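One-based numbering, in listed order, for ligands and for the atoms of each. This one's a predicted model, so the numbers in the text were calculated from it and none came from an experiment. Only heavy atoms go into these numbers, but all of them, side chains included; no hydrogens, no water, no symmetry mates.
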Amino acid sequence: MKIAIVCYPTFGGSGVVATELGIALSKRGHEVHFITYKQPVRLALLNEKIHFHEVNVPDYALFHYQPYELALSSKLVRIIKKHKIDILHVHYAIPHAYAGYMAKEMLKQENIHIPMVTTLHGTDITLVGSHPFYRPAVSFSINNSDVVTSVSQSLKTDTLRLFDITREIDVVPNFIDVSAANSGFTDCQRELMANEDERIVTHISNFRKVKRIEDVIEVFHRIQLEIPSKLLMVGEGPERETGERLVRELGLEDKVKFLGNSNEIDKILCFSDLFLLPSEAESFGLAALEAMVNEVPVVSSNAGGIPEVNIDGVTGYLSNVGNIADMAQNAIRILQDDVILREFKHNAKREAAKFDINNIVPLYEELYEKALVKA
Ligand code: GMT
């Protein structure tokens with residue numbers, strides 16, 4: 001099949017999932033075309049099966065806001081025609097499903113019928129999409145997709161609650177390449193980050209408000225009072241400064257390292273003992289799954305789809321959003337004993353394997369077939 005994928009190219013769950021999906025599809029013989037405004041961060045190699053088409057929005061003084069949807073839908077029309085694309089798969093409803101629908105309609109005028117699969121990732125629904133301002137456009141785009149998928153049961157429930165949806169929504173969970181995890185290196189070099197007697201706690205995100213960065217630091221503050229440990233903060237975003245300030249106020253400068261964005265997540269997780277994810281909302285929690293596949297147990301909130309990934313008492317623990325005392329207690333319970341830590345690590349890797357890319361990508365292929373039949 002020839003598949004066009006539209007996504008956000010930046011660090012962030014939806015872009016990562018879309019990119020990894022495209023790479024996996026290309027390895028299964030499909031021809032994949034990424035269409036977005038920048039080469040996706042995880043897309044290292046382009047070859048005859050993977051193409052990247054950049055969407056440019058010409059700067060024009062008349063426009064107060066540059067019309068990205070317009071540029072994207074025009075680009076889609078051109079690429080779909082030129083490369084005879086069979087399926088359009090858009091990740092994130094706003095504005096991708098909306099632009100995709102416009103492209104579909106323009107192509108219809110030329111008797112070209114392209115089925116559109118829309119994957120909902122979370123913030124497009126729970127945060128941005130539910131804003132009354134965007135609701136009509138989001139409902140419309142979802143209802144006019146040929147196939148709609150959501151990355152968790154929880155997100156499906158939220159979508160049906162927040163929007164007037166007339167379409168079936170298929171749950172296709174996010175995935176991870178189990179064979180790739182830890183395959184590239186064996187020496188974790190943990191001594192670069194912590195002393196031998198210290199545990200390493202890690203948080204990875206885009207440091208948006210929804211990630212509750214202050215909770216991460218407050219939880220760690222309580223952990224290190226009981227257990228010698230270091231905290232690694234990986235990622236960039238608007239709450240980084242607030243986090244750094246809190247670290248100074250709590251006198252934790254020697255114990256907390258802010259590493260910025262990284263392309264070496266596996267290496268960081270290789271020497272991590274615990275992952276903290278206290279998010280306010282999380283449709284799935286891909287970062288938790290990435291931790292788990294690298295044998296890192298997760299202490300998290302029970303928001304959204306996280307309980308579908310992090311199994312309470314098995315791969316880590318769940319607490320109510322904002323309950324930092326409970327999260328700290330759970331973290332200490334895991335970290336204070338080598339035997340318990342080993343068991344949680346083992347469980348985390350085992351449960352993560354259920355989300356292996358080889359189990360999930362065929363589900364998308366089946367849905368593409370279904371969409372083609374419908375179109
Ligand atoms: O969490 C973010 O801020 C990034 C966001 C995105 O749109 O990339 O992530 C969402 O999609 C991921 C991939 O499906 C999910 O794993 C995240 O849970 C989800 N984030 C939220 O729902 C807040």
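Both the backbone and the side chain of S14 come within contact range of ligand 1, each with a heavy atom under 4.0 Å. Contacts of Y8 with ligand 1, taken as heavy-atom pairs under 4.0 Å, are absent altogether.
Within the listing of ligand 1, atoms 7 (O) sit less than 4.0 angstrom from a heavy atom of Y92. For ligand 1, the atoms closer than 4.0 angstrom to any heavy atom of K211 are 1 (O), 2 (C), 3 (O). Atom numbering of ligand 1 starts at 1 in the shown order; those under 4.0 Å from a heavy atom of N206 are 2 (C), 3 (O), 4 (C). Each of the following atoms of ligand 1 lies closer than 4.0 Å to a heavy atom of L286: 16 (O). Listed by number with element, the atoms of ligand 1 under 4.0 angstrom from any heavy atom of R208 are 2 (C), 3 (O). Of all the atoms in ligand 1, the ones that sit under 4.0 Å from a non-hydrogen atom of V151 are 14 (O).
Considering backbone and side-chain atoms alike, G122 places every N or O at 3.5 Å or more from each N or O of ligand 1. An N or O contact shorter than 3.5 Å is missing between V17 and ligand 1 by distance.
Considering only residues two or more places apart in sequence or on other chains, D337 meets the side-chain hydrogen bond (donor to acceptor under 3.5 Å, both in side chains) condition with none of them.
Side-chain contact, N310 with T315: a donor N or O sits under 3.5 Å from an acceptor N or O.
F275 and H203 have parallel rings, their planes meeting at less than 30° on a 0 to 90° scale where 60° marks the start of perpendicular.
Cluster partners of V171, using a side-chain heavy-atom cutoff of under 4.5 Å among ILVMFWY residues and allowing indirect links: none.
Surrounding NZ of K2 are more than 12 heavy atoms belonging to other residues, nucleotides or ligands, all under 6.0 Å away.
Distances shorter than 4.0 angstrom do not occur between any heavy atom of E280 and any atom of ligand 1.
A donor-acceptor pair under 3.5 Å is formed between the side chain of S301 and the backbone N or O of S279. Here the side chain of D170 pairs no donor or acceptor atom with the backbone of T149 at under 3.5 angstrom.
When the options L120, N174, V210 are ranked by their closest heavy atom to atom 13 (C) of ligand 1, first place goes to N174.
Between H121 and F284, the ring centre distance reaches or exceeds 6.0 Å.
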